[in-house]
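Okay, so here's the structure we're looking at.
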2 protein chains.
Amino acid sequence: MMKSKAKPAAKTRIQSENQDLILKAALDVFSTYGYRGATVDQIAAKCGLSKPNLLYYFRRKEDIYTAVLEHTLTEWLIPLRMLDVTNDPITELTNYISTKLEMSHRNPAASRLFANEVLHGAPHIRKFLNGPLKDLVEAKAAVIQTWIEAKKIKPVDPQHFIFSIWAVTQHYADFAVQVEAIMGPKPDRLKTQTAVLEILLNGLKISP
Amino acid sequence: MMKSKAKPAAKTRIQSENQDLILKAALDVFSTYGYRGATVDQIAAKCGLSKPNLLYYFRRKEDIYTAVLEHTLTEWLIPLRMLDVTNDPITELTNYISTKLEMSHRNPAASRLFANEVLHGAPHIRKFLNGPLKDLVEAKAAVIQTWIEAKKIKPVDPQHFIFSIWAVTQHYADFAVQVEAIMGPKPDRLKTQTAVLEILLNGLKISP
DNA sequence: GTCTATAATATGATAGAC
DNA sequence: GTCTATCATATTATAGAC
């Protein structure tokens with residue numbers, strides 16, 4: 001469960017470069033095949049290190065996995081943290097949704113890694129879900145509630161609304177294969193963004 | 001890829017009972033651990049058969065997996081097929097969304113099995129996605145488009161709207177651990193349903 | 001049809017030379 | 001720090017008795 005003793009101290013330039021290589025390759029392999037489906041061999045091959053050399057940097061397979069997860073999670077919540085109660089709600093929510101779509105598009109592997117972890121019961125990040133994530137969602141649900149009470153947007157259950165945003169935006173990364181099977185390869189990103197914003201936000205706008 | 005030669009012909013009562021047992025246990029194990037994470041041992045233990053006996057019914061692990069997937073997929077699309085252009089759109093869509101939420105709640109394992117398969121590139125159901133699924137979505141997108149042109153609902157991209165429905169409804173099954181970490185155990189189902197219907201449909205309703 | 005025993009393989013992890 | 005070689009284990013799959 002997020003043992004940060006996993007990584008050895010990175011001191012030399014070669015060490016820190018190799019660590020980056022490993023984490024990048026591991027994100028790729030773990031997100032494609034899942035924790036159990038990924039093999040240390042694959043990760044080693046992908047970053048051009050020998051298996052024993054890779055295991056010199058991270059003693060166990062699980063240590064690589066938790067390192068990548070940790071790295072991903074810290075970045076993942078930044079956009080939600082930025083939701084600011086003092087600004088216009090539609091502007092803020094448009095911004096948040098667009099940023100999440102953008103992140104899912106730029107780094108689908110990270111989205112899939114996280115999806116896979118939660119799908120299988122989140123054994124490595126239970127504490128994170130019950131602690132920091134829960135706290136953050138409650139704080140931001142309160143922000144949305146404030147907007148509702150100020151009649152700046154129509155009423156909606158704030159927590160479920162946040163879930164819906166996550167669900168829809170991450171869908172385009174996690175289920176990309178399915179989306180492309182139906183829409184053809186390389187779906188128009190602007191069209192996607194416009195559609196998602198309309199679907200999620202039109203119901204909230206106060207009628208003119 | 002969906003080789004239906006997988007199952008031996010089930011003739012005796014014992015055989016067909018055991019097949020059901022196996023498929024039920026396999027759905028559970030595969031959806032929890034993923035294809036690679038699941039072991040034949042686990043499935044055998046769960047349904048009370050010995051491993052060799054299980055492998056008498058399905059020669060290879062992969063055959064069990066494809067059988068379960070096939071079984072799941074056929075049931076999964078029934079609600080979307082029922083979307084009827086001649087009825088009131090809000091009634092029809094309310095019905096569809098409610099049914100999908102209900103299915104996700106009653107059988108989260110099926111939802112997760114499918115999610116896991118697509119997440120990892122859908123190696124076993126590519127043909128299904130590119131064929132039957134694509135055709136069905138195009139047909140039902142046309143239904144929604146008809147409603148829009150008849151001014152019965154506000155304009156929305158029909159395909160992306162279908163994706164959003166899938167994303168949000170399946171989220172409550174696939175990410176149940178996360179939802180419960182934030183909302184507490186056993187979230188109020190009626191409240192969830194009401195919230196999801198509002199979020200997805202309020203933007204479509206023609207102003208009174 | 002069902003079992004025990006076991007083969008064949010894949011894979012995580014380590015020992016020890018350089 | 002990095003490599004080759006190898007161990008130990010887990011797991012799919014089969015052979016063959018009953």
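We use all heavy atoms of the structure for the numbers below, so side chains are in, but hydrogens, waters and symmetry mates are not.
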Atom pair distance, as rounded to whole Å: CD1 in I43(B) and P in dA10(D)
18 Å
For the pair H171(A) and W166(B), name the ring-plane relationship: parallel under 30°, tilted 30 to 60°, perpendicular over 60°.
tilted
Listed by chain and number, what are the side-chain hydrogen bond (donor to acceptor under 3.5 Å, both in side chains) partners of N53(B), not counting sequence neighbours?
none
Where at least one partner belongs to residues 83-108 of chain A, residue pairs that pass salt bridge (Lys or Arg N to Asp or Glu O under 4.0 Å), sequence neighbours excluded
E102(A)-R106(A), E102(A)-R189(A)
Which whole-number value in Å describes the distance from Y35(A) OH to dT11(C) C1'?
12 Å
Is the centre of the Y65(A) ring less than 6.0 Å from the centre of the H124(A) ring?
yes
Nearest whole Å is fine: how far is dT2(D) C1' from L21(A) CG?
15 Å
Ignoring backbone atoms, establish whether N18(A) has a side-chain N or O less than 4.0 Å from OP1 or OP2 of dT2(D).
yes
dA15(D) P sits how many Å from N53(B) CG, rounded?
17 Å
Pairs meeting criterion salt bridge (Lys or Arg N to Asp or Glu O under 4.0 Å) with involvement of residues 31-43 of chain A, two or more places apart:
D41(A)-K51(A)
What is the distance, to the nearest angstrom, from the CD atom on Q42(B) to the P atom on dT11(D)?
8 Å
So what is the 5' to 3' dot-bracket string for DNA chain C, if pairs are Watson-Crick or G-U wobble with both distances under 3.5 Å, crossing pairs use [ ] and | means the partner sits on another strand?
||||||||||||||||||
So, does Y56(B) get its side chain near the phosphate of dT14(D), meaning an N or O under 4.0 Å from OP1 or OP2?
no
Contact class for A44(A) (heavy atom, under 4.0 Å): base, sugar-phosphate, or nothing?
nothing
Between protein and nucleotides 13-18 of chain C, map the contacts as a letter string: B base, S sugar-phosphate only, - none, heavy atoms under 4.0 Å, written 5' to 3'.
BB----
Residue that, paired with L113(A), satisfies side-chain contact (heavy atoms from CB on, under 4.5 Å) out of L27(A), V29(A), D28(A), N107(A)
L27(A)
Using whole Å, what does the distance between atom C1' of nucleotide dT11(C) and atom OH of Y65(A) come to?
18 Å
Would you mind reading off the distance between L54(B) atom CG and dT11(D) atom P, rounded to a whole angstrom?
15 Å
On the nucleotide dT2(D), are OP1 or OP2 found under 4.0 Å from the side-chain N or O atoms that S50(A) carries?
no
Report yes if at least one side-chain N or O of R36(A) is closer than 4.0 Å to OP1 or OP2 of dT11(D); otherwise report no.
yes
Atom CG of D41(A) and atom P of dA5(D): how far apart are they, to the nearest Å?
15 Å
Check: A173(A) main-chain N/O paired with R112(A) side-chain donor or acceptor under 3.5 Å:
yes
Any ring pair (Phe, Tyr, Trp, His ring centres under 6.0 Å) involving residues 84-106 of chain B? Give me the pairs, sequence neighbours left out, ordered by first then second residue.
none
In terms of relative ring orientation, are F163(B) and Y172(A) parallel, tilted or perpendicular, with 30° and 60° separating the classes?
perpendicular
